[in-house]
Number of protein chains: 2
Amino acid sequence: MTPSQRNPESRPVGALLAPDILALLEESPELIAAETEELHPADLADVAEAMPFEKIPLFLAALPTDRAASVLEYLEEELRSEVLEAMSPEQAAALVSAMSSDERADVLEELDEERAEEIVDEMPDDARRDTQQLRRYEPDTAGGLMTTEFVSVPATTSAEEALRKVRVIARSEKREAMHAIYTTDADGRLAGVLSLRELLAAPEGTPLSEVAWTEVQSVRPFADREEVARMIANYDLVVVPVVSESNHVIGVITVDDVIDAIQEEQTEDVQKFGGLEALDEPYMQIGFINMLRKRAGWLSILLISEMLTTSAMQHFDSEMNAVSALKLFIPLVMSSGGNSGSQATSLITRAMALREVTVRDWWRVAMRELPSGIALGSLLGVIGMLRITLWQTMGWFNYGSAAHTWERVAVTVGCSLVGIVTFGSLAGSMLPFLLRKAGFDPASASAPLVATLVDVTGLSIYFGVAWLILLR
Amino acid sequence: MTPSQRNPESRPVGALLAPDILALLEESPELIAAETEELHPADLADVAEAMPFEKIPLFLAALPTDRAASVLEYLEEELRSEVLEAMSPEQAAALVSAMSSDERADVLEELDEERAEEIVDEMPDDARRDTQQLRRYEPDTAGGLMTTEFVSVPATTSAEEALRKVRVIARSEKREAMHAIYTTDADGRLAGVLSLRELLAAPEGTPLSEVAWTEVQSVRPFADREEVARMIANYDLVVVPVVSESNHVIGVITVDDVIDAIQEEQTEDVQKFGGLEALDEPYMQIGFINMLRKRAGWLSILLISEMLTTSAMQHFDSEMNAVSALKLFIPLVMSSGGNSGSQATSLITRAMALREVTVRDWWRVAMRELPSGIALGSLLGVIGMLRITLWQTMGWFNYGSAAHTWERVAVTVGCSLVGIVTFGSLAGSMLPFLLRKAGFDPASASAPLVATLVDVTGLSIYFGVAWLILLR
């Protein structure tokens with residue numbers, strides 16, 4: 001069955017194979033390794049996830065250490081931590097040591113500190129050293145994403161010699177990333193890069209310095225993962241080296257880790273835009289209390305800010321009593337401001353994330369949003385006035401009174417919509433810039449935050465227009 | 001200067017080099033090729049973008065055809081189309097033919113139909129055939145993402161022979177993707193896959209059938225790009241083959257094209273969640289009228305739906321006149337419902353996009369959101385009641401009247417918040433499921449749409465509670 005034939009809604013291969021593999025595990029565990037040899041570790045991880053928990057360590061033990069380590073890499077975070085907690089530190093250390101160094105650091109990061117230390121203590125010396133080095137970096141920086149296993153050779157090496165060296169590494173059990181081969185100068189500093197393809201294409205005998213690219217895209221270990229993602233995407237890279245201040249390569253980041261980082265970053269941004277703190281865990285797996293905590297903060301802040309609308313309404317109480325039809329349109333005009341603000345905010349935060357728009361563009365953006373807001377507001381204003389005219393002329397409701405004609409009410413609503421939608425578009429587009437200027441993440445500009453900001457001002461615009469047209 | 005030292009806000013290398021290269025182009029264009037040889041084509045594209053438009057064709061002409069084609073690949077879409085329009089069809093065909101087949105199809109897609117046909121007519125036969133085949137696929141399907149240049153060999157080939165063949169291709173000018181080598185059976189059907197690294201590691205003399213993986217992840221040409229992205233991310237692939245119904249490889253998709261697809265897909269999702277149609281163009285480049293069109297539709301629909309709140313308020317007019325303090329809290333309670341709905345929608349649409357949650361999980365989600373909504377609503381209810389109590393006891397406002405005590409107003413607001421936040425969480429989380437069931441994209445569930453839905457119901461809940469507590 002090719003994957004495209006699968007029902008995209010179903011968890012694939014793994015769940016289907018689990019019963020067979022479980023039966024085999026009972027009867028002849030020594031056959032597991034051979035029987036599952038052709039399966040991708042991601043599928044074997046699915047198999048493990050479909051098993052009863054106590055069987056998972058047995059299943060992993062039935063696989064060669066290398067394979068078991070790969071399966072562990074693809075396991076769900078929480079389950080992986082539980083499995084490692086259930087093993088002896090020696091067993092866990094054997095598995096974790098067989099992972100690539102970046103995965104190893106991530107896995108240990110998820111465990112509690114004490115357990116992680118126990119496992120690190122049981123590792124072979126070189127794996128322990130690498131791990132301790134990598135654990136110094138935050139998981140969302142280049143240093144946290146990189147693996148320390150890569151291939152570098154002096155630039156004076158000949159192409160044939162380099163190829164021979166690469167083949168030796170490829171034949172070993174090592175996990176070196178080898179999409180790119182880095183060349184170094186006499187002091188071991190990064191001098192150039194060439195792809196495996198370019199190495200294969202190089203004429204025999206040429207020194208690598210003649211065929212390698214010397215303008216190498218690289219990042220610093222403390223660079224944000226968003227910056228790494230942007231570089232990989234811009235330059236269509238499969239791998240990017242991480243260099244120290246002295247320009248020595250200390251690790252490489254491969255594209256698969258960057259894709260995961262892009263996905264995580266995007267999940268964070270969507271959740272923030274929805275008006276909550278990033279969950280950092282899948283929705284179905286996060287604890288109930290933990291989820292409430294992530295949601296309650298913003299909801300409370302927004303409620304307290306929105307209380308200004310109550311104060312504003314108290315302030316305009318006499319106006320509302322004078323023209324009772326006024327209050328009927330409050331939700332209508334307020335929500336239109338929030339909606340146009342939400343549109344503008346989503347456009348600008350995304351454009352900033354993709355670096356299509358930078359802080360210096362704020363004036364150009366404002367000069368686009370101002371006419372957009374006026375045009376969209378005018379459209380909504382006309383629709384709003386038509387609604388009032390229709391209800392009035394059909395005799396469904398009387399918006400007029402002794403003190404004012406219904407036409408003036410309609411004009412008030414129409415003009416307010418122009419003002420509020422214009423304000424919403426401007427405020428929504430400027431909020432990400434203001435947040436960035438104030439040192440916050442512009443992605444914190446959520447739809448509910450914009451709506452709340454616009455609500456309070458929108459009420460004032462509405463009553464201001466009403467005062468001009470109806471109440472003077 | 002390494003990239004990490006650059007100001008992340010600035011457009012890098014390109015803009016800095018443009019004046020130098022422009023001067024060189026005037027004085028001795030024959031030196032351009034050698035002087036820019038070490039630069040990444042993405043940087044050369046930045047250089048071109050910083051030039052006056054009429055210089056770009058001259059600059060491209062000064063580069064070797066292959067390099068010029070790469071630069072064209074990295075140029076901004078709109079500019080690229082303009083450059084190709086400005087050239088003769090023969091010139092354009094020469095450049096476009098030197099691109100990889102997937103890029104070529106994309107580039108032609110952006111031109112107007114007639115111009116694209118003129119260029120295709122001028123292409124060499126084999127490039128024309130490939131191009132016509134690829135143009136049959138929609139750009140957001142696997143077929144639209146794939147390139148037809150890949151390496152496949154019969155499974156009976158020996159490792160050394162295969163490596164020799166790969167080196168011949170690597171040394172040629174061909175653009176074959178060679179991160180993976182595919183093996184075929186006697187009928188040319190896909191039999192296995194091995195990475196270039198595995199080919200290098202294979203012992204001499206072994207037939208590839210012994211070292212290749214036979215469980216190959218593949219997609220069909222009509223698969224959605226989201227499905228391709230998910231497969232590449234799940235299995236950490238660098239390349240995925242596209243196979244026909246008879247299991248012949250017809251192309252491959254490389255990870256760099258998938259990253260672009262993921263970014264575009266995410267941009268669409270963010271914009272939809274913000275309450276507008278996906279722009280499909282960068283914010284700073286889309287035409288003004290075009291942008292208005294993408295925003296006006298949803299704004300109008302939302303306004304018209306929100307008119308139901310006016311009808312609801314007309315309906316409850318006598319209640320509001322009986323207890324005049326009621327109207328003061330309308331924006332407050334309504335916005336809280338919208339905010340909790342927006343949170344729930346962002347969580348669920350994202351979880352669905354990542355396949356953490358499928359349609360069948362709707363009941364489990366509802367059973368999580370119900371208690372969440374009650375808990376969050378209770379918190380907000382308490383804050384709301386405290387606000388009223390504070391204002392009343394400090395003497396800042398009097399919420400009571402002859403007919404009702406202020407305490408009852410406070411309890412009404414508190415209970416309404418519980419009801420509305422619960423309803424908002426439930427409605428916001430169920431909306432993506434309903435949209436999916438109805439055959440729409442669940443990502444169309446925008447924050448403004450949820451807020452509007454919740455507003456109308458929220459008003460009814462509010463007046464219902466008021467009737468129970470205050471008006472009976």
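Every chain is numbered from 1 and lettered A, B, ... according to where its sequence line falls, protein lines coming before strand lines.
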Please flag which part of [X] lies under 4.5 Å from any non-hydrogen atom of chain A: side chain, backbone, both or neither.
| X | value |
| --- | --- |
| B:Ile330 | side chain |
| B:Asp224 | neither |
| B:Leu379 | side chain |
| B:Ile388 | neither |
| B:Thr452 | side chain |
| B:Ala296 | both |
| B:Ile259 | side chain |
| B:Pro41 | neither |
| B:Leu308 | neither |
| B:Asp455 | side chain |
| B:Phe397 | side chain |
| B:Thr345 | neither |
| B:Val270 | both |
| B:Ala202 | backbone |

Please classify the contact between [X] and chain B as side chain, backbone, both or neither, with a heavy-atom cut-off of under 4.5 Å.
| X | answer |
| --- | --- |
| A:Asn339 | both |
| A:Ala451 | neither |
| A:Glu37 | backbone |
| A:Leu163 | side chain |
| A:Tyr74 | side chain |
| A:Trp391 | side chain |

**Residue of the set A:Leu237, A:Ile232, A:Asp236 for which side chain to side chain contact (heavy atoms under 4.5 Å, CB included) holds with B:Asp256** =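 When side chain to side chain contact (heavy atoms under 4.5 Å, CB included) is applied between B:Asp256 and each of A:Leu237, A:Ile232, A:Asp236, only A:Asp236 qualifies.
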**Asked** Pick one: which of A:Met291, A:Arg295, A:Lys294 meets side chain to side chain contact (heavy atoms under 4.5 Å, CB included) with B:Gln343?
**Response**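 Single pass found, and it is A:Arg295.
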From [X] [atom1] over to [Y] [atom2], what is the distance, rounded to the nearest 0.5 angstrom?
| X | Y | atom1 | atom2 | result |
| --- | --- | --- | --- | --- |
| A:Leu199 | B:Arg167 | CG | CZ | 7.5 Å |
| A:Ile348 | B:Met284 | CD1 | CE | 7.0 Å |
| A:Lys327 | B:Asp317 | NZ | CG | 4.5 Å |
| B:Glu265 | A:Gln266 | CD | CD | 10.5 Å |
| B:Leu276 | A:Ser346 | CG | OG | 5.0 Å |
| A:Ser336 | B:Leu302 | OG | CG | 8.0 Å |

**Item:** Beyond-backbone contact of B:Arg230 with A:Gln263, side-chain heavy atoms, under 4.5 angstrom
**Value:**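 B:Arg230 does not reach A:Gln263 side chain to side chain.
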**Asked** If we only count heavy atoms from C-beta on, is the B:Glu38 to A:Glu215 side-chain gap below 4.5 Å?
**Response**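 Heavy-atom side-chain distance check passes, below 4.5 Å.
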Look at the side chain of [X] and the backbone N and O of [Y], then say whether any donor-acceptor pair between them is shorter than 3.5 Å.
| X | Y | answer |
| --- | --- | --- |
| B:Arg368 | A:Tyr283 | yes |
| A:Thr310 | B:Phe329 | no |
| A:Arg171 | B:Ala201 | yes |

**Request:** May I ask you to name which of B:Met334, B:Gln271, B:Glu198, B:Met307 has the most heavy-atom pairs under 4.5 Å with chain A?
**Result:**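 Heavy-atom pairs under 4.5 Å are most numerous for B:Met307.
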**Request:** Output the option from B:Val168, B:Val365, B:Thr254, B:Ile304 having the highest count of non-hydrogen pairs under 4.5 Å with chain A.
**Result:**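 Winner by heavy-atom pair count: B:Val365.
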**Request:** Mind ranking A:Asp361, A:Val450, A:Leu299 by heavy-atom pairs under 4.5 Å with chain B and telling me who comes out on top?
**Result:**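 Heavy-atom pairs under 4.5 Å are most numerous for A:Leu299.
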